[in-house]
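Worth saying up front: this structure is predicted, and the values here are computed from it rather than measured.
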Amino acid sequence: MNPYIADVVVTMDKGIAWTANSVSDSEASELISGQQLQVTNIIYGGSNDLAAINLNGKWARLQFQGGLGAPTYITNVYLIDEVSGGASNVTFNGGELGAFIPSMDALWSDGVPDFTIDRDQNARVALQIGGQGDLDLDLFVGGSSGKVLYHENTGTPTAPSWGAGDTAWQGLDYGAYSAPAFLDIDADGDQDLFVGGYSLGNIQFYENQGTVNEPNMVLSDGDWNTIRHPLARPVFADIDADGDFDCVIGGQNGYLVFVRNTGTPSEPSWGAVDTEWMGIRVCYNDAPLHTYHYTAPAFADIDADGDLDLFVGRWLPGDLVMFENTGTPAVPVFGVTNNHYAGLNVGAFSTPAFGDIDDDGLQDLLVGCQNGTVTLFRNTGSPTNAVWGVTNANYNSIDVGMYSTPVFANINPDLNSLWKEVTTNGTVSYVDGVASNALISLAALEVGYPEEAVFRSGIFDTRMEEPEFNELNWTHVEKFSEGGDVDIRVRSSDLADMSDLTDADWQDARFGNDGYFQGNTGNSLSSLPERRYLQYEALFRCFKPEAHTNDPTAILRDVTIDWPGPVGLVDLIVDFGKGPDCGIVVATVDDRLFVKGVSLEMEIYKQGRVGLYSSDGLLEVRPLNTGK
């Protein structure tokens, strides 16, 4: 038998016990909106073909993945023992029942301390996706006061109905002439806010530190990117089709300022500021070159060709200038100019904003103006051919004094993206009660150490028929503050495979009621039967699995069991060879390698040209058949 034991035995396994990749063939992502999905993912254990759990453990936690194109909101998450039916609630961020997972990002749950993962049994992860917010567009209007007017859409996506206006929403006050722009700049599921305006043209950034249902705009940067563009009107769009939002800013001198987002949807990073982007400039009242004045940009794919077209409002005559994108979504070229677009005119100081206000698939148009009102132009055409046939020149009786700047934004969106691991091997989830071959959102399972685990050594041959065992000793590290404990018990047998023994025979060397020695030194084995073959078993205990770090809570090394060896004459054969920078000695006793290290006094002789040379010293022989 091979009595191999590692130099160090550490408390039980801990770490990633399962990943979606281990049972899947490919990844996929899809957008869902306005839906609540009830999902139950199955994590298979045991002998099932889809079995993938590789570690036992307690104190489990779960990793979830956000999809592409929008964050994913998950809530009501439960980890379920499929055998007992017991369920434990899974929380996030220190106790929250739900969480937003940014697009193409991952999020770990809090630990679930009282749930045991058995790799031979199935577990289930039930969760709800969506169910936050709505799908309609709300209406915000900046104006001369510097504040932001808010009208909540209390109707539906197809039939908007505007609630009472909040004239000082969130207490925001730019000072004079505010121009708001909403977007989810960090892909956490809620709308953040940028505000430009009069003053020096600096832009303020407000991070939404609330939730989808209860936004809380906190001023995070009062001088974003230190841009100076008087009458700044910022808008955000994915100009280069790389999945994140870039920034275009209109202002007083007729040029457009461009700042490319070189980061990611969840972690924006801003490149150099281009103060004369693409050379685009809009003039005042079709006047000569020196009278360029004020630009208010907006983007929309107005001809359904897959790229964004550019619309610019101007002071006079209050119409729109259209720059058609003749390039591609990734490389725009605004080469075609359409002055006095579609004959639309609001008098002075036009500020356009697009949005599908009636959910018919067509972009409608709101335009602010100098007198503080808002005009709605409803699109009655088609996706490829806009027709502005319906006009409401004083929409919803909005009046912000002067210089109205409207914008549509769903301040509480219910838009989710699903990340799926797709497999063809069988049912791995249920979606609204229907069996599916796709894991939904679940990415990985991590386990902490189980409360108890056992290491059983190989079987040692004493090569004596009736050895008298003396003591059991070992070295250990026990982190009691984290519940770490190491105990050992021993048994002996007359058979090399110990097939004559049962677990009850461990009690032959009992110390306490469970047969384990608690202390690590001076443990008497006088009661252990004098049999040739010997084995020990180490029990690791972890009483506080929820407190574990990545460091082991218990470590075992240097287990020794001693007995008097036989006395007699033996053949000791020592072979000596020369290594690169040392001597190499191989020693055997009766043609067998050493089981235990020994020390020998040696003297080496060598015949030289003028006589016999000798050298003596202490030789330490390391056993090679134990792995040490």
**OP:** Give a yes or no on whether a salt bridge exists between Arg532 and Asp461, defined as a side-chain N under 4.0 angstrom from a carboxylate O.
**Re:** yes
**OP:** Output all residues satisfying salt bridge (Lys or Arg N to Asp or Glu O under 4.0 Å) with Glu471, sequence neighbours left out; order by chain, then residue number.
**Re:** none
Subject >> Inter-residue atom distance Thr211.OG1 - Asn412.CG, 0.5 Å rounding >> reply: 9.5 Å
Original post:
Relative to the ring of Phe469, is the ring of Trp563 parallel (under 30°), tilted (30 to 60°) or perpendicular (over 60°)?
Top reply: perpendicular
**OP:** Identify the heavy atoms of Asp414 and Leu135 that sit nearest to each other, and give their distance.
**Re:** O-CD2, 3.1 Å
**OP:** I would like to know whether Asn56 and Thr116 meet side-chain contact (heavy atoms from CB on, under 4.5 Å); could you show each step before the answer?
**Re:** CA-CA 8 Å; Asn56 295 319; Thr116 299; over 6 Å; no
**OP:** Any chance you could measure Thr560, atom OG1, to Asn470, atom CG, to the nearest 0.5 Å?
**Re:** 10.5 Å
Subject >> Shortest non-hydrogen contact between Gly189 and Asp184, atoms and distance >> reply: N-OD2, 2.8 Å
Original post:
Is the backbone N or O of Ile440 less than 3.5 Å from a side-chain atom of Asn41, with the two atoms forming a donor-acceptor pair by type?
Top reply: yes
Original post:
Is the backbone N or O of Asn473 less than 3.5 Å from a side-chain atom of Asn520, with the two atoms forming a donor-acceptor pair by type?
Top reply: no
**OP:** Apply ring pair (Phe, Tyr, Trp, His ring centres under 6.0 Å) to Tyr206 and list each qualifying residue two or more places apart in sequence or on a separate chain.
**Re:** none
Subject >> Residues Tyr430 and Gln38: side-chain donor-acceptor under 3.5 angstrom >> reply: no
Original post:
Can you tell me how far the OG1 atom of Thr521 sits from the NE2 atom of His476, to the nearest 0.5 Å?
Top reply: 8.5 Å
Original post:
Is the backbone N or O of Ala438 less than 3.5 Å from a side-chain atom of Ser429, with the two atoms forming a donor-acceptor pair by type?
Top reply: yes
**OP:** Could you tell me whether Gln209 atom CD has more than 12 heavy atoms of other residues or ligands within 6.0 Å of it?
**Re:** yes
Original post:
So, Asn261 side chain and Phe245 main chain: donor-acceptor pair closer than 3.5 Å or not?
Top reply: yes
Original post:
Looking just at side-chain N and O atoms, do Asn21 and Thr19 make a donor-acceptor pair shorter than 3.5 Å?
Top reply: no
**OP:** Specify the closest pair of heavy atoms between Phe100 and Pro102, including all atoms of both residues, with the distance to one decimal.
**Re:** O-CD, 3.7 Å
**OP:** Starting at CG of Asn416, measure out to CG of Leu37 and round the result to the nearest 0.5 Å.
**Re:** 8.0 Å
**OP:** Look only at the side chain of Glu478 and the backbone of Val486, and say whether a donor-acceptor pair between them is shorter than 3.5 Å.
**Re:** yes
Original post:
Is there a donor-acceptor pair under 3.5 Å between the side chain of Asp487 and the backbone N or O of Leu539?
Top reply: no
**OP:** Would you check, one step at a time, whether the test side-chain contact (heavy atoms from CB on, under 4.5 Å) holds for Leu525 with Ser492?
**Re:** CA-CA 11 Å; Leu525 296 179; Ser492 59; over 6 Å; no
Subject >> Donor-acceptor pair, side chain of Asn48 and main chain of Gly45, under 3.5 angstrom >> reply: no
**OP:** Kindly compute the distance separating OH (Tyr73) from CD (Gln36), expressed to the nearest 0.5 Å.
**Re:** 10.0 Å
**OP:** Kindly say whether Phe92 contributes a backbone atom to a donor-acceptor pair with the side chain of Ser109 at under 3.5 angstrom?
**Re:** no
Original post:
What distance do Asn93 atom CG and Leu107 atom CG have between them, rounded to the nearest 0.5 Å?
Top reply: 6.0 Å
Original post:
Any side-chain heavy atom of Trp474 sitting closer than 4.5 Å to one from Asp558?
Top reply: no
**OP:** Answer yes or no: is there a side-chain heavy-atom contact under 4.5 Å between Leu127 and Thr75?
**Re:** no
**OP:** Using modelled atom types only, decide if a donor and an acceptor are shared between the side chain of Thr72 and the backbone of Ser417 within a distance under 3.5 Å.
**Re:** yes
**OP:** List the steps and the verdict of side-chain contact (heavy atoms from CB on, under 4.5 Å) for Thr588 and Asp590.
**Re:** CA-CA 6 Å; Thr588 59; Asp590 287 343; over 6 Å; no
**OP:** Provide the closest heavy-atom pair for Asn208 versus Asp192 in the form atom of the first, atom of the second, distance.
**Re:** N-OD1, 2.8 Å
Subject >> Min side-chain heavy-atom separation Lys420-Glu30 under 4.5 Å >> reply: yes
Original post:
Would you find more than 12 non-hydrogen atoms of other residues, nucleotides or ligands less than 6.0 Å from Glu466 atom CD?
Top reply: no
**OP:** Find out whether Asn410 and Leu415 are in side-chain contact, i.e. whether some heavy atom of one side chain is under 4.5 Å from a heavy atom of the other.
**Re:** no
Subject >> Exercise: identify the closest heavy-atom pair between Asp238 and Gly243 >> reply: OD2-N, 2.8 Å
Original post:
Got Ile74 and Ser441 here, is their nearest side-chain heavy-atom distance under 4.5 Å?
Top reply: yes
Original post:
Of the non-hydrogen atoms in Ile32 and Ile129, which two are nearest, and what is the gap between them?
Top reply: CD1-CG2, 4.0 Å
**OP:** Check the pair Tyr78, Val90 against side-chain contact (heavy atoms from CB on, under 4.5 Å), reporting the backbone distance first and the verdict last.
**Re:** CA-CA 5 Å; Tyr78 287 89; Val90 179; 5.7 Å; no
Original post:
Any side-chain heavy atom of Tyr533 sitting closer than 4.5 Å to one from Leu501?
Top reply: no
Subject >> Qualifying salt bridge (Lys or Arg N to Asp or Glu O under 4.0 Å) pairs, either residue in residues 93-102, two or more places apart >> reply: none
